[in-house]
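Report on the following structure.
The analysis underlying the following values was restricted to heavy atoms, covering all of them including side chains, and did not include hydrogens, waters or symmetry mates. Numbered from 1 within each chain, the chains take letters A, B, ... in sequence-line order.
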Protein chains: 4
Amino acid sequence: MDHEMKDSETTTTAETPPSSRDQILDAAARIFGAKGYDGTSVRQIAAELGISAPALYHHFLSKEELFCATHERGLRIISALTATAAATMDASDPWDKLEAAAVAHCEALLCTEGYRTIISPQFPDVSDDVRARLVQQRDSYETIIKRLISELNLPAHIDPFIFRMQLLGSLNWTTAWFQADGSLDPTTIARRTVRQLRDGIHPPHASHVPPRQENDHV
Amino acid sequence: MDHEMKDSETTTTAETPPSSRDQILDAAARIFGAKGYDGTSVRQIAAELGISAPALYHHFLSKEELFCATHERGLRIISALTATAAATMDASDPWDKLEAAAVAHCEALLCTEGYRTIISPQFPDVSDDVRARLVQQRDSYETIIKRLISELNLPAHIDPFIFRMQLLGSLNWTTAWFQADGSLDPTTIARRTVRQLRDGIHPPHASHVPPRQENDHV
Amino acid sequence: MDHEMKDSETTTTAETPPSSRDQILDAAARIFGAKGYDGTSVRQIAAELGISAPALYHHFLSKEELFCATHERGLRIISALTATAAATMDASDPWDKLEAAAVAHCEALLCTEGYRTIISPQFPDVSDDVRARLVQQRDSYETIIKRLISELNLPAHIDPFIFRMQLLGSLNWTTAWFQADGSLDPTTIARRTVRQLRDGIHPPHASHVPPRQENDHV
Amino acid sequence: MDHEMKDSETTTTAETPPSSRDQILDAAARIFGAKGYDGTSVRQIAAELGISAPALYHHFLSKEELFCATHERGLRIISALTATAAATMDASDPWDKLEAAAVAHCEALLCTEGYRTIISPQFPDVSDDVRARLVQQRDSYETIIKRLISELNLPAHIDPFIFRMQLLGSLNWTTAWFQADGSLDPTTIARRTVRQLRDGIHPPHASHVPPRQENDHV
DNA sequence: AATGAATGAGGTTTCATTCAT
DNA sequence: CATGAATGAAACCTCATTCAT
């Protein structure tokens with residue numbers, strides 16, 4: 001179909017090869033994200049790129065490998081955005097840093113067209129080898145969140161693992177219901193999610209320090 | 001050929017024969033749940049049942065219809081468990097009722113072998129007709145949760161819709177990480193999820209009433 | 001679907017068995033005629049009758065046999081109509097008799113809803129046994145036409161076999177283009193067909209005797 | 001992937017390679033012609049070609065499209081032969097031209113092994129889109145015949161439409177009874193068919209002009 | 001690096017038919 | 001007689017993948 005729009009527009013400087021790896025991954029993310037691993041055919045991805053299916057095999061050994069690379073790129077992007085957002089809040093309140101990270105995570109999920117549903121509660125039915133790499137990629141990303149949470153110095157009665165799962169669960173599930181109709185933007189969603197986990201139904205404070213426990217219910 | 005059936009008959013009196021249809025749905029739930037819609041073949045489901053693939057078409061018009069029926073049954077089961085659990089807490093604190101419902105929801109998700117990942121953030125790529133029915137089924141279930149939440153009389157600064165999404169997101173995402181190794185049981189997960197949403201990092205109360213705040217416009 | 005409209009309305013007197021053989025054949029003719037042998041499933045025929053597919057096997061050994069019986073009934077009906085029409089013109093001009101027969105044939109083809117495309121230039125891919133019977137049925141019918149033609153005392157330069165094939169070809173092919181919109185009725189079609197074969201582009205005569213040959217081109 | 005091709009290239013210069021596409025269409029015509037659309041499986045066609053069934057889908061999007069292309073090629077061949085034959089009789093008697101065209105039509109039908117029963121009184125049960133294209137193809141061919149007939153200047157009492165249908169019906173129905181046993185060759189059949197339509201049972205003339213009649217409004 | 005052609009495996013679905021009830 | 005359930009065969013078609021060009 002559109003054989004002619006191959007190169008340009010992705011990289012910056014000059015002598016970029018025509019169909020770059022990142023372009024392929026972006027297209028793959030778009031379709032994998034929209035239809036899932038099993039619902040996506042390599043031909044669809046090739047068609048989206050305007051190349052033939054076998055051409056993909058010059059870049060990736062198999063569909064599994066392509067998915068793995070897409071997944072990796074997706075998480076790498078989110079990681080970068082999240083870490084950067086948290087770092088910008090440097091030296092401030094750790095809750096602010098977590099909130100900034102959550103906003104970045106949520107925006108990456110809901111705004112970038114492609115990399116949203118790569119994040120799925122269920123890995124596709126791939127070989128053990130590839131699955132292990134997917135798990136590792138996800139874990140690698142979660143380390144960032146884990147570190148931010150550890151800096152919160154959560155009170156002892158809060159299990160940081162469950163806390164992290166609740167945060168990620170709430171954020172990741174937004175892909176199930178988010179509508180880009182302006183009624184509710186990713187930033188608001190992410191902020192409220194973090195604050196809900198911090199304050200519950202208590203009203204937020206000016207200072208984010210939770211009320212001291214001894215006078216808690218006076 | 002009961003391609004269309006209404007409700008009831010799930011837990012009627014007692015020694016109903018396995019009804020064949022329910023057997024099929026249970027097997028379908030098991031495999032759809034494990035591999036997703038696109039990753040599941042009707043042959044696999046038939047094999048699980050020890051029948052031939054065309055035999056399935058005696059009971060369901062198509063794979064889509066089979067999935068739809070499975071989804072419906074899954075949500076019906078969860079609905080029944082959830083509603084029953086909440087009703088058992090009759091006349092008590094509405095937070096207790098919500099907690100009981102969450103526990104039931106989480107147990108249904110993580111313990112019943114089959115119906116867990118029918119619940120997915122993404123509907124499969126089915127016809128518009130079937131998709132509409134899936135949406136309706138999900139909405140019908142969420143109505144139960146919605147009602148329980150409305151009874152909480154949440155303070156005005158909490159958006160009940162986001163609150164519901166956070167609850168369901170946290171609970172549903174458990175399928176992504178839950179390991180049935182005894183370290184963390186569904187009941188604990190569900191309880192902590194509800195309490196986190198209620199108290200944040202504040203310590204729990206004997207009475208569930210949150211401490212009054214000067215700007216809490218009661 | 002319409003399980004309840006089974007009996008009545010076909011036969012005249014009284015104690016007719018519920019689903020009669022002729023009713024089945026009429027339904028079969030309708031669908032075979034509309035979709036061809038291969039395009040018709042026994043279930044479609046059963047559905048048209050409001051019975052189950054296996055029920056058909058109580059009346060007919062196989063789909064082939066059902067088709068054969070339908071074909072036979074179709075030809076029998078046309079034979080009867082044709083012979084009767086010709087006999088009504090008893091003792092008159094043999095061309096009138098042929099014309100009457102052609103009209104009957106054409107009406108049977110184009111007006112009876114069912115038995116039209118049973119008449120096809122190609123027999124379906126059935127067993128040799130059944131095919132032989134189909135051929136025999138067709139031949140049996142054509143005998144009637146053959147006899148009517150032999151009574152014409154065609155001039156020697158006309159091959160009666162080709163003449164017959166032209167007549168039947170013209171008439172049978174009407175199913176390919178006939179539109180029941182009133183612009184052209186079966187009677188007219190049949191009459192003109194016969195007259196064309198008799199007169200060519202010469203104008204018809206008051207008496208049907210062709211012009212004598214010696215003054216033919218004076 | 002030339003799923004769409006226009007015209008020409010059928011008989012261009014000379015040593016064109018068999019073009020693969022035409023080879024497929026010839027095989028398809030052979031089998032479609034012998035068993036009908038519904039009676040033919042793509043596997044049979046592929047087997048005839050010595051390739052696998054999916055390989056066909058490299059050249060044609062579906063069985064319907066394959067049939068449509070076959071039908072088109074068949075009519076294109078017959079059109080070419082017919083038009084050529086009529087043109088060869090250039091400037092002569094229009095009846096001679098029609099006769100030449102009929103002979104070509106009949107030979108194409110009965111001699112070319114494949115493209116005979118593509119011509120059927122009944123279109124197969126295909127999608128509306130494809131059916132429309134089949135109708136258009138047939139109409140396109142009939143235009144040639146229509147033009148030849150209009151040049152006959154038929155007397156007013158002959159309806160040229162019915163005349164055309166009778167001619168085509170007679171010729172096309174030959175596939176139902178023709179036996180290649182030498183007793184009757186396509187040329188003879190076609191010639192007699194045209195002459196019968198012209199002269200009826202009158203003897204043929206040296207000049208083809210019919211005897212003038214008093215009410216023949218010339 | 002890229003493609004057109006091809007393929008084996010397997011997808012969903014329909015078919016004619018059988019059989020216990 | 002009639003049916004619901006079942007089945008083996010086969011239908012059309014898509015898939016990921018390979019390979020000569």
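Checked against side chain to side chain donor-acceptor pair (under 3.5 Å), D129(D) has the following partners two or more places apart in sequence or in another chain: R133(D). Legend: residues meeting side-chain contact (heavy atoms from CB on, under 4.5 Å) with R43(B), ordered by chain and number and at least two apart, are S41(B), A53(B). E64(A) pairs by the side chain to side chain donor-acceptor pair (under 3.5 Å) definition with S127(A), not counting sequence neighbours. By the side chain to side chain donor-acceptor pair (under 3.5 Å) test, Q136(A) pairs with no residue at all, sequence neighbours left out. By the side chain to side chain donor-acceptor pair (under 3.5 Å) test, Q44(C) is found to be paired with no residue, residues two or more places apart in sequence or in another chain being considered. With sequence neighbours excluded, the residues satisfying ring-ring contact (aromatic ring centres under 6.0 Å, His included) with Y37(B) are F32(B), F67(B). Remark: A132(D) engages no residue in a side-chain contact (heavy atoms from CB on, under 4.5 Å) (not counting sequence neighbours).
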Checklist entry - So R30(C) and I45(C), side-chain contact (heavy atoms from CB on, under 4.5 Å) or not? Walk me through it. => result CA-CA 9 Å; R30(C) 220 152 32 229; I45(C) 298 174; over 6 Å; no

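In this structure, F67(A) atom CZ and dC15(F) atom C1' are separated by 18 Å, rounded to whole Å. Atom P of nucleotide dA11(F) and atom CD1 of I45(D) are separated by 11 Å, given to the nearest angstrom. Atom CD1 in I31(D) sits roughly 12 Å away from atom P in dA11(F) (whole-Å rounding). Atom CG in L56(C) sits about 10 Å away from atom P in dA2(F), given to the nearest Å. Computed from coordinates, the I51(D) CD1 to dG4(E) P distance equals 17 Å when rounded to whole Å. Distance, L66(C) CG to dT17(E) C1': 14 Å, rounded to whole Å. Rounded to whole angstrom, the span from the CG atom of D125(C) across to the C1' atom of dA16(E) amounts to 15 Å. One atom, CZ of F60(C), and another, P of dT18(E), lie 16 Å apart when rounded to the nearest Å.
The minimum heavy-atom distance between R131(A) and V126(A), with the atom names listed, is N-CG2, 3.8 Å.
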Next on the checklist: Output one letter per nucleotide in nucleotides 8-13 of chain E: B when a protein non-hydrogen atom lies under 4.0 Å from the base, S when only the sugar-phosphate is that close, - when neither is.
Outcome noted: BBSBBB

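Side-chain N/O atoms of H58(B) include none lying less than 4.0 angstrom from OP1 or OP2 on dT7(F). The phosphate of dG4(F) has neither OP1 nor OP2 within less than 4.0 Å of any side-chain N or O from H59(B).
In DNA chain E, runs of at least 3 stacked Watson-Crick or G-U pairs (N1-N3 plus N6-O4 or O6-N4, or N1-O2 plus O6-N3, all under 3.5 Å) give these stems: E:2-21 with F:2-21.
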